[in-house]
Amino acid sequence: MDTIIIYYSHSGNNNILAEELNKRIKSDIYKISELRKRYKISILFDSLFKRNSKIENTNIEIKKYKKIILVSPIWDCSIATPMKSFLEREKNNLEKYFFITICNGEIGQKEKIMNELTNIVQRKPENVTELWINDLLPKDKQNKIRYTFNFRINRQDFQKFERKICAFIQNVNNCGDVI
Ligand SMILES: Cc1cc2nc3c(=O)[nH]c(=O)nc-3n(C[C@H](O)[C@H](O)[C@H](O)COP(=O)(O)O)c2cc1C
């Protein structure tokens with residue numbers, strides 16, 4: 001296997017996405033786990049006090065994979081801290097890497113994610129794709145924390161994202177191929 005999906009998920013949305021990708025792409029899969037139990041309030045404190053996250057040791061050799069697919073939520077316009085801790089630790093072991101997230105969605109956020117990844121890894125990602133919860137909600141519920149933060153994705157929701165997911169997978173599969 002030359003591809004691995006590495007994911008972090010707190011409330012399950014990105015877990016479901018990682019599993020969906022794993023069904024469609026020949027790949028190994030690895031879940032990032034934190035050493036301490038995380039509560040929603042600590043997400044806010046991490047952001048406020050610029051705290052990082054302590055994660056379990058990685059028991060796989062990342063360096064042997066040619067393509068790395070990162071799946072993670074976005075917190076406060078930034079990649080979730082457990083994924084950032086993973087990237088800090090493994091940045092020298094990442095060959096071609098791709099990032100995909102199920103997040104609330106915000107205009108201009110994708111560029112911020114791209115820059116954040118580039119700064120940490122010191123190399124640009126091959127692809128950054130956002131799947132917006134806002135796109136699954138009726139107009140009157142979009143951008144309202146009450147609806148977006150508590151939204152739990154299910155597999156039917158992927159129909160709405162099908163085009164974007166296919167484009168992402170195509171990019172992963174074609175990347176690096178000699179034409
Ligand atoms: C405290 C907090 C802050 C968040 N900030 C953002 C944000 O800035 N931008 C965004 O698009 N989504 C934001 N979200 C939404 C999450 O990215 C979204 O709910 C995601 O699907 C959760 O993934 P998970 O279920 O895999 O943990 C935030 C969620 C929480 C709880």
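Both counts, for ligands and for their atoms, begin at 1 and track the order of listing. In what follows, every heavy atom counts, from backbone to side chain, and hydrogens, waters and symmetry copies are set aside.
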Point to revise | Donor-acceptor contact below 3.5 Å, side chain His10 vs main chain Arg38 | key: yes
Exercise for review: Check each of Gln109, Lys164, Lys110 against Glu130 using the side-chain hydrogen bond (donor to acceptor under 3.5 Å, both in side chains) test, and report the only one that passes.
Suggested key: Gln109
Check your understanding: Looking at Cys103, which atoms of ligand 1 are within less than 4.0 Å of one of its heavy atoms?
Key -> 10 (C), 11 (O), 12 (N), 17 (O)
Practice item. Give the residue, atom name and distance (to 0.1 Å) of the protein heavy atom nearest atom 8 (O) of ligand 1. Key: Cys77 N, 2.6 Å
Exercise for review: May I ask you to check whether Arg152 has an N/O atom sitting below 3.5 Å from an N/O atom of ligand 1?
Suggested key: no
Exercise for review: Considering only non-hydrogen protein atoms, determine which one is nearest to atom 1 (C) of ligand 1 and report residue, atom name and distance to 0.1 Å.
Suggested key: Ile43 CG2, 3.4 Å
Study note, to complete from the structure: of all protein heavy atoms, closest to atom 25 (O) of ligand 1 is Ser11 OG, 2.5 Å
**Study point:** Residue Gly105 vicinity, atoms of ligand 1 by number, heavy atom under 4.0 Å
**Key:** 10 (C), 11 (O)
Point to revise | Heavy-atom nearest neighbour in the protein, as seen from atom 9 (N) of ligand 1, with distance rounded to 0.1 Å | key: Gln109 OE1, 2.8 Å
Practice item. Specify whether Phe49 and Phe45 have parallel, tilted or perpendicular ring planes, treating 30° as the upper limit for parallel and 60° as the lower limit for perpendicular. Key: parallel
Check your understanding: Any idea which of Phe149, Tyr8, Trp132, Phe45 brings a heavy atom closest to atom 4 (C) of ligand 1?
Key -> Phe149
Revision key, fill the gap. Atom 26 (O) of ligand 1 sits nearest the protein heavy atom Ser9 OG, 2.6 Å
Study note, to complete from the structure: The closest protein heavy-atom partner of atom 22 (C) of ligand 1 is Pro73 CB, 3.7 Å
**Study point:** Interatomic spacing from CG in Asn14 to CD1 in Ile153 - rounded to 0.5 Å
**Key:** 8.5 Å
Study note, to complete from the structure: All heavy atoms of Phe99 vs all of Phe168, minimum pair found to be O-CE1, 3.7 Å
Revision key, fill the gap. Heavy-atom proximity to atom 28 (C) of ligand 1 ranks first, among Ile74, Ile145, Ile113, for Ile74
Check your understanding: Are Lys64 and Glu61 ion-paired here, with the side-chain N under 4.0 Å from a carboxylate O?
Key -> no
Practice item. Under 4.0 Å, heavy atoms only, figure out whether ligand 1 is touched by the backbone of Glu130, its side chain, both or neither. Key: neither
Check your understanding: So which of Asn15, Ile41, Asp76 gets nearest to atom 5 (N) of ligand 1, if we judge by its closest heavy atom?
Key -> Asp76
Check your understanding: Do you see a donor-acceptor pair shorter than 3.5 Å between the side chains of Ser72 and Lys84?
Key -> no
Study note, to complete from the structure: Candidates Asp46, Ile102, Asn143; heavy atom nearest atom 21 (O) of ligand 1 found on Ile102
**Study point:** Protein contact of atom 23 (O) of ligand 1 - nearest heavy atom, named by residue and atom, plus distance
**Key:** Asn14 ND2, 3.0 Å
Check your understanding: In terms of the angle between their ring planes, are Phe86 and Tyr30 parallel, tilted or perpendicular, with boundaries placed at 30° and 60°?
Key -> tilted
Check your understanding: Relative to the heavy atoms of His10, which atoms of ligand 1 are at a distance of less than 4.0 Å?
Key -> 24 (P), 26 (O), 27 (O)
Review point. Under 6.0 Å from the six-membered ring centre of Tyr147 and within 45° of its axis: does the NZ or CZ of Lys141 meet both?
Key: yes
**Study point:** Cation-aromatic face contact Lys63/Tyr65, 6.0 Å, 45 degrees
**Key:** no
Check your understanding: Between the side chains of Asn104 and Asn134, does any donor sit under 3.5 Å from an acceptor?
Key -> no
Practice item. Would you kindly specify which portion of Ile153 sits under 4.0 Å from ligand 1, judged on non-hydrogen atoms: side chain, backbone, both or neither? Key: neither
Point to revise | Nearest-neighbour protein heavy atom for atom 12 (N) of ligand 1, which is reported as residue plus atom name and distance | key: Asn104 N, 3.1 Å
